[in-house]
Amino acid sequence: MMMCKEATRLMSLRQDRPLTFQERLSLRLHLAMCGACRECDRQFTLLHEAGRHLGPEEEDEPPA
């Protein structure tokens, strides 16, 4: 079975590129059994969504 460290790596990687079939399957099985990693996955998703709302135009604005 996959360890939490590898699951966390895949969760992060999934934000940048599609996972392979084997990666998706392994991660899905791990998440089915690990509540801590499910919470981590939820947080990764939340952070990714929040980051998408900060477009490059907002980064270029000078501080008020």
Side-chain angles (χ1 to χ4, degrees):
M1 184 174 118
M2 177 186 299
M3 302 299 289
C4 293
K5 185 174 182 177
E6 177 65 11
T8 304
R9 186 185 74 77
L10 289 176
M11 286 181 253
S12 178
L13 192 58
R14 182 174 62 189
Q15 302 301 321
D16 299 324
R17 69 156 175 89
L19 298 179
T20 65
F21 175 76
Q22 183 62 43
E23 290 170 333
R24 284 192 319 267
L25 182 61
S26 296
L27 180 58
R28 187 175 226 178
L29 288 171
H30 183 84
L31 291 174
M33 295 183 268
C34 184
C37 284
R38 282 192 302 273
E39 179 62 21
C40 181
D41 189 39
R42 187 188 69 75
Q43 291 175 3
F44 269 123
T45 301
L46 181 68
L47 288 170
H48 183 73
E49 290 297 318
R52 283 183 22 186
H53 293 303
L54 297 174
E57 65 280 351
E58 292 181 42
E59 292 175 2
D60 294 335
E61 292 180 15

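Atom set for the values below is all heavy atoms of this structure, side chains included, hydrogens, waters and symmetry mates excluded.
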Point to revise | Residue pair Leu19 / Leu10: nearest heavy atoms and the distance that separates them | key: CD2-O, 3.9 Å
Review point. Within the side chain of His30, is there an N or O that forms a donor-acceptor pair under 3.5 Å with the backbone of Met2?
Key: yes
Review point. Does Thr8 offer a backbone N or O that forms a donor-acceptor pair with the side chain of Ser12 under 3.5 Å?
Key: no
Check your understanding: Do you see a donor-acceptor pair shorter than 3.5 Å between the side chains of Thr45 and Glu49?
Key -> no
Practice item. Output, in order, the C-alpha distance, side-chain angles, deciding distance and verdict of side chain to side chain contact (heavy atoms under 4.5 Å, CB included) for Glu23 and Leu13. Key: CA-CA 10 Å; Glu23 290 170 333; Leu13 192 58; 4.3 Å; yes
Check your understanding: To the nearest 0.5 Å, what is the distance between CG (Asp41) and CZ (Arg14)?
Key -> 4.0 Å
Revision key, fill the gap. Rounded to the nearest 0.5 Å, the CD atom of Gln43 sits from the CZ atom of Arg38 at a distance of 13.5 Å
Point to revise | Partners passing side-chain hydrogen bond (donor to acceptor under 3.5 Å, both in side chains) against Arg42 (at least two apart in sequence or in another chain) | key: Glu39
Practice item. Ignoring hydrogens and angles, tell me if any N or O in the side chain of Glu6 forms a donor-acceptor pair with the backbone of Met3 under 3.5 Å. Key: no
